[in-house]
Asks: 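Shown below is the structure under consideration.
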Amino acid sequence: MSPEEPPAAEQLALIRATTRKAKAKPRTWRGAQLAEGLPVARVLVDKGLLHLDQFFDYAVPAAMDADAQPGVRVRVRFGARVVKGRREGGTLHDGFIVERRADSDYAGPLAPLAQVLSAEVVLTPPLLSLCRHVADRYAGALADVVQLAVPPRMARAEKDPSPDPLPAPAAPEPGSWSRYATGPAYLQALARGDTPRAVWLALPGPHWPAELARAIGATLASGRGALAVLPDGRSAARADAALTELLGEGRHVMLTADAGPEERYRRWLAVSRGAVRAVVGTRAAMFAPVADLGLVALWDDGDSSHAEPHAPQPHARDVLLLRAAEERTAFLLGGLTGTVEGAQLVDSGWALPLAAARDQVRAAAPLVRTVGDADQARDAAARAARLPSLAWQVTRDALAHGPVLVQVPRRGYVPRLACDSCRNPARCAACAGPLELRERGGTPSCGWCGRPAADWHCQECGGFRLRAQVVGARRTAEELGRAFPRVPVRTSGRDTVLPSVGAAPALVIATPGAEPVAEGPGYAAALLLDGWALLNRPDLRAGEEALRRWAAASALVRSAGEGGTVLVLAEPTLRPVQALVRWDPAGHAVRELAERAELRFPPVSRMASVSGPAAAVAELLALVRLPPDTDQLGPVPTPAGGERLLLRVPPGSGAALAAALKSGQVARATRGGGDPVAVRLDPTDIG
DNA sequence: AGCACGCCGACT
DNA sequence: GTCGGCGTGCTC
């Protein structure tokens, strides 16, 4: 409180007086004893309504004075009305106190806090500030972001005290970081309290979890905290194990969904209370309130699970970038391959590349061979058995030395069709959507508009035979199993994901992302059978994604020096295939970035998608004052029957675009405005 | 979003 | 004359 402000009691009397003048109604809290010092609590009401994205002031009853601190959870009545001088109705809502104040700038009578749910301070000022920034960045409501950032309360977990914090560990040795030219220097910078920012292309092989752990350990050694976000429970568990091996128990927690809500909240509290300084976890851990954060790390940012599905759909990479800036931390974006966003961080000079020299890459990577369409066409055996003879040969040779990984497309991939003679994708004559075959032997139909295409002919070459490219990959894997009857077949996919397999010869059939780690030196070989399925997705990221998935599988294979071989069934001339063969993910990302820049695609521009009923979209558009350099793309009709509009601005205008859209949304909602419009910033799924 | 109040048509 | 249509407006 500043010295010129009158004491709280006087202020409150002032409120009372002005209110009485305005309404001449008695105070609803008349008779209730209020807190003496700061009788007003500013509350974030947990109601995800955009035009209510503001704080509300409540009176603090004296009995709640001590517990009603900023950051605690409260319950308040909201939406009540005054009837004959009494408050009536109003439903109970959860909320958080964000501030205690001497006075309110609200002229009306303040309702009292209904209840302080717990004295535990969970929405700390830095966490609130982060949530505010994320909400602004995504044109979303603060309450929505807070809901993502603060786990639900589990009373039992709150009762238990958190362990005492351990002293900072000694700085770790560089270990396998020595394989990277600037690796040891990066660790040293972390250990002495600097904030180095790097985009790290990890060498294939099993060392990256230990390397991530050492980066965290180095940060802890500087007396600061560290946070690493990984795309799934399996990779988080690997990082967790590496961290336990490096630092022992007690210096870090793993925040993942599979711990269960109570245990998860217990760990979150240990972080929030400052008892634990290091966190590894999945997406939701990006908000973990690590005290004195020194490093944020993100593993494999191309994985789609880093995009939060709940409103306002923040991406872990963006949240961690915001934290790195706001909390002035070091930054480590790691993966076996990179994304265009990562390449852009390097290109802009914000981060430095952290990559190994060519000789280290050659020492770590497997031999990658390709089988393209032309090879397959020449290969009579392939047509009979649906698998090129090179694949049989590689598998037979490798099974003598260890397990063989077979990467097959995910079940449920609807097979897309192509022209049998020219291989161009088969398109719908009415809407140019991709043709699909829903059932074998059935009539192909359009994946977008659903029209059957009984009399299809190719627009490119006039051919009239269709080719179902994906059908059979899984069956091919089954055939492989029958061909090697003495070799056990293990499968790992959506429902049953194997974390690891032994070093003995086996055929391991896995869908992308579910590949088990092979113990010992790794797989003797990998067959990547899903090239066509991966490369033909109608997605801006199809190439990046194909390379990411192939590299993930290939990194589990032993190095070329140890006889490791990868065979990918895809055209060797395609950019991602070449990048895999040469193991040059950095070059691939740089070329993708250049292409995006040329086409002014994200992330070289910033985009927002606005979708909903046509009238509502038009109304919002008329209401917003877009940045002057906004490009408007569309609107185009959506499958839901509405329209979608893309708005594109240069990189520097992203915040202005978000702010404009948010105020437009608020204005529309306030004017009782009709059908809702969905606004998404940097949507991940625009074709 | 709910849930009020508020000024114009068909019913007891 | 009243019941009630859902068109604006507020919620501490």
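So you know, we letter chains A, B, ... as the sequences are listed, proteins then strands, and number each from 1.
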Asks: Rounded to whole angstroms, how far apart are CG on A:Asp53 and C1' on B:dA1?
Replies: 14 Å
Asks: Quick one: which residue pairs count as a side chain to side chain donor-acceptor pair (under 3.5 Å) with a foot in residues 275-286 of chain A, not counting sequence neighbours?
Replies: A:Arg283-A:Glu308
Asks: Near DNA chain C, counting only heavy atoms under 4.0 Å, which residues of residues 61-80 of chain A show up?
Replies: A:Arg77, A:Phe78, A:Gly79, A:Ala80
Asks: What is the distance from CG of A:Asp103 to C1' of C:dC12, rounded to the nearest Å?
Replies: 14 Å
Asks: Quick one: do A:Arg548 and A:Asp303 make a salt bridge, cutoff under 4.0 Å?
Replies: yes
Asks: Distance check needed: B:dA1 P versus A:Asp144 CG, whole Å only.
Replies: 13 Å
Asks: Whole-Å distance between B:dA1 P and A:Asp46 CG?
Replies: 17 Å
Asks: Just jot down the side-chain contact (heavy atoms from CB on, under 4.5 Å) partners of A:Ala259, sequence neighbours excluded, or say none.
Replies: A:Glu263, A:Arg267
Asks: Applying side-chain contact (heavy atoms from CB on, under 4.5 Å), can you list everything that pairs with A:Asp67, at least two apart in sequence or on another chain?
Replies: A:Val116, A:Ala119
Asks: Can A:Phe56 be said to stack with the base of C:dC12, given centres closer than 5.5 angstrom and planes under 30 degrees apart?
Replies: no
Asks: What pairs with A:Ala514 under side-chain contact (heavy atoms from CB on, under 4.5 Å), at least two apart in sequence or on another chain?
Replies: A:Ser492, A:Val497, A:Thr511
Asks: Using whole Å, what does the distance between atom P of nucleotide C:dT11 and atom CG of A:Asp57 come to?
Replies: 12 Å
Asks: With sequence neighbours excluded, what pairs up with A:Thr638 under the side-chain contact (heavy atoms from CB on, under 4.5 Å) test?
Replies: A:Ala640, A:Arg644
Asks: Starting at atom NE2 of A:His93, determine the distance to atom P of C:dC10, rounded to an integer number of angstrom.
Replies: 18 Å
